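These notes are about the structure you will find just below.
Everything numeric in this text was worked out from a predicted model, so none of it was measured. First the proteins, then the strands, lettered A, B, ... as listed; each starts at 1. FYI, side chains are in, hydrogens and waters are out, and symmetry mates aren't considered; it's all heavy atoms of this structure.
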Amino acid sequence: MKFTDLNDEQVEGLIGQVLRIGTTVSCGITFIGLCIFMVHNARAIPHYHIFLSSLGQFYGPSQLMQHVMQGQATALIELGILILIATPVARVAFLVIAFALERDHMYVGVSALVLVILLYSIFFSQ
Amino acid sequence: MNELTFSLVILGGSLLAGLLGSLTGLGGGVVLVPMLALLFKVDLHYAIGASLISVIATSSGSAAAYVREGFSNMRIGMFLEIATTIGAVFGAWLATRTPTRGIAIVFGVVLLYSVYLTFQRHEDEIVGHNKWSDRLKMNGTYPGPGGKEISYGVKHVGGGFATMLGAGTLSGLLGIGSGAVKVLAMDHIMRIPFKVSTTTSNFMIGVTAAASAGIYLRRGYVDPALSAPVMIGVLIGSLIGARILVRVNVRALRTVFAVVVFFLAVEMIYNGIIGKV
């Protein structure tokens, strides 16, 4: 299959696979994280009725992988959530490339704009 | 209730929410958020945070199945996502500045409106190609009954775009996919065939939700131990729903679901007014 022969259905099929794999991996990691969390906290009393901001439970990019490697429960769940958020972003990025290969300049612009809005909101918006 | 019991109950409830959400086409979030907030007394911020994450899981997880059927239209979806993502950033910004009671009241009103919309089903009226749909390359075909390809065009692109700004804002403010409003924009306003509208909407929901996720994470709305069972439960429930959809009496189910959602909506609004959320 030459890339220039790519049609919309094939592109969508490929994207569908990417999304499914991303979701499966993300949920798998999250589930492992949840199980480890239960090993340590099963008898603790939950306190979700009071909002305390969960921000303190999240690791920065530099520490996350280190804690994941140590099997730290919330770090694994965080990684799962981040992979999940990345799946729709990957879908949009993929479409930018697909439209470029189809030489559809207008929709390269449209999907690139969506990608910029997404990346801006994920990394910078307060 | 300790963490383990709580988590298992939440997992079961989320599975049910995802199942009902996908069978009725309203999405898991509409019943999940009231369930967490009213039944399990979870703070509304945590509830919408967990719901938003589950919305992304449902959208991405079911995308592969929808693609195979050949109904969704990438160009329409992408074009309208400009509006929904901008709306979602604005909505998430609003969520951090709106008092909890306000969010509860808006949530209840949106629930009522979503129920109303699901009963406003009308016959597809296929519009032909026209200046705008040609210029934006939004015309498409989809497999009709008997496998015959049906060709369609798009009307009122501006009105649809504006409604999508609203859908995105609600999604960011309430942590739901706001699928009902997206279908309203595509099916009712832009006159896109219903099947194309619903599958394209499902695709868009994940991208829209991802646009509010950054703000939610930074504001601490996403609690890891609460979001994990919710995300897994809703995903499994919605995947089961997509599989058994053809064998279920959707009309009867939708009526039952509408009654449930109606009471949840009234209770959300009531709790919002008396400040008990």
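Looking at A/F31, both its backbone and its side chain come within 4.5 Å of chain B, counting heavy atoms on both sides. Looking at B/F6, only its side chain comes within 4.5 Å of chain A, counting heavy atoms on both sides. Heavy-atom distances place the side chain of A/L82, and not its backbone, under 4.5 Å from chain B. The contact between B/S227 and chain A is made entirely by side chain atoms (from C-beta outward), counting heavy-atom distances below 4.5 Å. Heavy atoms of A/T24 lying under 4.5 Å from chain B are absent altogether. In this structure, the portion of B/R97 lying under 4.5 Å from any heavy atom of chain A is its side chain and not its backbone. Interface remark: A/I77 contributes side-chain atoms only to the contact with chain B (heavy atom separation under 4.5 Å). Heavy atoms closer than 4.5 Å to chain A are found in both the backbone and the side chain of B/M78. Both the backbone and the side chain of A/I85 come within less than 4.5 Å of a heavy atom in chain B. For B/V207, the parts lying under 4.5 angstrom from a heavy atom of chain A are both the backbone and the side chain. Within the 4.5 angstrom heavy-atom criterion, no atom of B/L36 approaches chain A. The contact between A/L84 and chain B is made by backbone and side chain atoms together, counting heavy-atom distances below 4.5 Å. Within the 4.5 angstrom heavy-atom criterion, atoms from both the backbone and the side chain of B/L217 approach chain A. When heavy atoms are compared at a cutoff of 4.5 Å, A/L52 approaches chain B by way of both its backbone and its side chain.
Between chain A and the residues B/V89, B/T208, B/L136, the most heavy-atom pairs under 4.5 angstrom are made by B/L136. Counting heavy-atom pairs closer than 4.5 Å to chain B, the top residue among A/V89, A/I21, A/I122, A/T87 is A/I122. Each of B/I56, B/I86, B/L52, B/D223 has some count of heavy-atom pairs under 4.5 Å with chain A, and the biggest count is that of B/D223. Chosen from A/Y120, A/F51, A/F58, A/F37, the residue pairing most often with chain B at heavy-atom distances under 4.5 Å is A/F51. When each of A/R43, A/R91, A/M38 is checked for heavy-atom pairs under 4.5 Å with chain B, A/R91 comes out on top. Per-residue counts of heavy-atom pairs under 4.5 Å with chain B were compared for A/L95, A/V18, A/T74, A/L34; the largest is that of A/L34. For the set A/I50, A/L76, A/L119, the count of heavy-atom pairs under 4.5 angstrom toward chain B peaks at A/I50.
Between A/S121 and B/I215 there is no side-chain heavy-atom pair separated by less than 4.5 Å. For the pair A/C27 and B/M231, the minimum side-chain heavy-atom distance is below 4.5 Å.
Using a 4.0 Å cut-off between charged nitrogen and carboxylate oxygen, A/E102 and B/K137 do not count as a salt-bridge pair.
In this structure, B/R75 is not positioned above the aromatic face of A/F99 in the sense of NZ or CZ being under 6.0 Å from the six-membered ring centre and within 45° of the axis.
Across every non-hydrogen atom of A/F123 and B/R218, the tightest pair is O-NH1, 3.5 Å. Listed here is the closest heavy atom pair of B/E81 and A/V92: OE1-CG2, 4.4 Å.
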After noting the C-alpha distance and the side-chain angles of B/R219 and A/L55, does the key distance pass the side chain to side chain contact (heavy atoms under 4.5 Å, CB included) rule? CA-CA 7 Å; B/R219 290 282 166 165; A/L55 195 60; over 6 Å; no
Hey, mind stepping through A/R20 and B/S60 against side chain to side chain contact (heavy atoms under 4.5 Å, CB included) and telling me if it holds? CA-CA 6 Å; A/R20 203 171 54 174; B/S60 293; over 6 Å; no
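Atom-to-atom distance recorded for B/M74:CE and A/I15:CD1 is 6.0 Å, nearest 0.5 angstrom. Note: A/I81 CD1 to B/I53 CD1 = 5.0 Å, rounded to the nearest 0.5 Å.
Proximity to chain A among residues 37-46 of chain B is limited to B/K41, B/V42, B/D43, B/H45, B/Y46, judged by heavy-atom separations below 4.5 angstrom.
With hydrogens and angles ignored, the 3.5 Å screen pairs a side-chain donor or acceptor of A/S54 with a backbone N or O of B/V222.
Here the two rings, on A/Y107 and B/F79, have centers that are 6.0 Å apart or farther.
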